[in-house]
Q: 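Shown below is the structure under consideration.
Sequence lines set the chain letters: A, B, ... in the order given, protein chains first and strands last, and positions in each chain run from 1.
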Protein chains: 2
Amino acid sequence: MFRALAQEKRLQVLSWLKAPAAHFPPQVDGDLIRDGVCVLRIAEKLGVKQPTATRHLQILADAGLVTATRIGKWTFFKRNETAIGRLKSELIEKM
Amino acid sequence: MFRALAQEKRLQVLSWLKAPAAHFPPQVDGDLIRDGVCVLRIAEKLGVKQPTATRHLQILADAGLVTATRIGKWTFFKRNETAIGRLKSELIEKM
DNA sequence: TACAAATATAGCAATATAACTATATGAAAA
DNA sequence: TTTTCATATAGTTATATTGCTATATTTGTA
């Protein structure tokens with residue numbers, strides 16, 4: 001989990017996803033809030049290519065910090081607040 | 001800071017230093033609690049050579065998680081609870 | 001002053017990470 | 001069914017990290 005957060009870009013994504021509508025343009029398919037943000041939008045905003053963004057998002061997902069939802073040809077990512085909450089208390093005791 | 005914690009060995013050290021007396025033998029010079037634990041003891045317990053332990057401890061120190069105290073020829077490391085407390089609340093809001 | 005002990009630094013090898021391009025896969029549209 | 005679009009995977013390269021050994025530095029002691 002700390003490894004997942006040990007990268008400015010991933011911290012950045014996690015922060016943007018707190019308020020998707022404030023950081024990403026409206027989406028035609030897939031609601032920003034309910035479903036999450038599409039990979040290409042995140043890649044653009046991060047300033048990296050799509051495969052790189054996908055990799056970062058997989059790392060965040062493996063750590064349980066975000067969840068992926070595939071709708072049609074899009075994959076949307078959003079924060080997993082439940083897991084993040086659990087991880088917060090866990091790391092509080094670990095530190 | 002997350003990078004400093006993104007390594008099992010450094011997390012381990014930070015955890016041991018919560019209760020130095022429970023994890024390290026008594027020291028002749030430098031009190032375990034007041035001054036901290038000597039580098040060689042930490043290296044032994046980690047199962048790495050002294051320069052490697054020194055490097056890990058420097059990384060923890062750079063992140064502000066521990067402080068070094070030189071007494072004579074020994075350098076003792078202990079947790080910086082004040083800084084750790086600040087970092088905790090900071091990361092809580094960052095996540 | 002010379003020597004010994006503890007730690008710090010330099011330099012190197014192995015591995016991990018992050019970026020890219022090229023390509024494969026999955027799903028919708030023509 | 002072919003094409004197209006979005007994402008995933010494979011493979012490569014550059015850089016960062018982690019470990020080591022050798023050596024320098026700092027400090028106490030003979």
Q: Respond yes when some side-chain nitrogen or oxygen of A:His56 is under 4.0 Å from OP1 or OP2 of C:dT17, and no when none is.
A: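 Checking A:His56 against C:dT17: no side-chain N or O falls below 4.0 Å of OP1 or OP2.
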Q: For DNA chain C, whose closest nucleotide is more 5', that of A:Val48 or that of A:Arg3?
A: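 Nearest-nucleotide comparison on DNA chain C picks A:Arg3.
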Q: With a 4.0 Å limit, can you tell me whether B:Arg10 has a side-chain N or O closer than that to the phosphate oxygens OP1/OP2 of D:dT18?
A: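 Answer is yes, contact under 4.0 Å.
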Q: Please state how far atom CD1 in B:Ile59 lies from atom P in D:dT17, giving the value in whole angstrom units.
A: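 Roughly 8 Å, once rounded to whole Å.
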Q: Picking from D:dT7, D:dT18, C:dT7, which would you name as closest to the side chain of A:Cys38?
A: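 Between D:dT7, D:dT18, C:dT7, the one nearest the side chain of A:Cys38 would be D:dT7.
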Q: Between B:Leu40 (CG) and C:dT7 (P), how many Å, whole number?
A: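 Rounded to the whole Å, the gap is 5 Å.
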Q: Any donor-acceptor pair under 3.5 Å between the side chain of B:Gln50 and the base of C:dA8?
A: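 Yes, the side chain and the base share a sub-3.5 Å donor-acceptor pair.
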Q: What closest approach, in Å, do A:Leu11 and A:Leu5 show between heavy atoms, and which atom pair accounts for it?
A: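 In terms of heavy atoms, the two residues are closest at CG-O, 3.6 Å.
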Q: Give B:Thr52 one of three labels, base, sugar-phosphate or nothing, depending on what nucleic acid heavy atoms sit under 4.0 Å from its own.
A: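 Base contact.
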Q: For A:Lys49 and D:dA8, what is the distance between atoms NZ and P respectively, to the nearest whole Å?
A: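 These atoms are roughly 17 Å apart.
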Q: Taking only the side-chain nitrogens and oxygens of A:Gln58, find out if one of them lies under 4.0 Å from OP1 or OP2 of D:dA8.
A: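 It does not, given that no N or O in the side chain of A:Gln58 lies less than 4.0 Å from OP1 or OP2 of D:dA8.
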Q: Nearest to the A:Thr75 side chain among C:dA6, D:dA8, D:dT21, which nucleotide is it?
A: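 Comparing C:dA6, D:dA8, D:dT21 against the side chain of A:Thr75, the answer is D:dA8.
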Q: Measure from CG on A:Asp35 to C1' on D:dA6 and round the result to the nearest Å.
A: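 These atoms are roughly 16 Å apart.
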Q: Expressed in angstrom and rounded to an integer, what is the separation of B:Gln7 atom CD from D:dA16 atom P?
A: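 That distance rounds to 17 Å.
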Q: Check every atom of C:dA19, C:dG26, C:dT21 against the side chain of A:Lys9 and return the nucleotide holding the closest atom.
A: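 The closest nucleotide is C:dA19.
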Q: Kindly give the heavy-atom pair with the smallest separation between B:Ala53 and B:Val48, and that separation in Å.
A: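 Heavy atoms only, the tightest pair is N-CG2, 3.8 Å.
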Q: Mind calculating the distance between CD1 (A:Ile71) and P (C:dA28) to the nearest angstrom?
A: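 Those two atoms, CD1 and P, are 11 Å apart.
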Q: CZ of B:Phe77 versus C1' of C:dA6: gap in Å, rounded?
A: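 Distance check: B:Phe77 CZ to C:dA6 C1' gives 12 Å.
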Q: Kindly compute the distance separating CD (B:Gln58) from CG (B:Leu60), expressed to the nearest 0.5 Å.
A: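 The CD atom of B:Gln58 sits 10.5 Å away from the CG atom of B:Leu60.
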Q: Checking contacts here: which listed nucleotide (D:dA8, C:dT9, D:dT27) is nearest the side-chain heavy atoms of A:Val39?
A: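 My answer, after comparing the listed nucleotides, is D:dA8.
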Q: Using OP1 and OP2 only, check whether a side-chain N or O of A:Thr54 sits under 4.0 Å from D:dA8.
A: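 So the side chain of A:Thr54 is within the cut-off, an N or O lying under 4.0 Å from OP1 or OP2 of D:dA8.
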Q: Check whether the side chains of B:Gln50 and B:Thr54 place a donor and an acceptor atom closer than 3.5 Å, and report yes or no.
A: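 Their side chains do contain a donor-acceptor pair, which is all the 3.5 Å distance test asks for.
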Q: In terms of side-chain heavy atoms of B:Pro51, which of D:dT7, C:dT7, D:dA22 is nearest?
A: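 Taking heavy atoms from C-beta onward, the closest nucleotide is D:dA22.
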Q: Can you name the nearest heavy-atom pair linking B:Pro25 to B:Arg41, along with the distance?
A: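 Closest approach of B:Pro25 to B:Arg41: CG-CD, 3.9 Å.
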Q: Check the distance between D:dG11's P and A:Arg55's CZ and give it to me in whole angstrom.
A: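 The answer, rounded to whole Å, is 15 Å.
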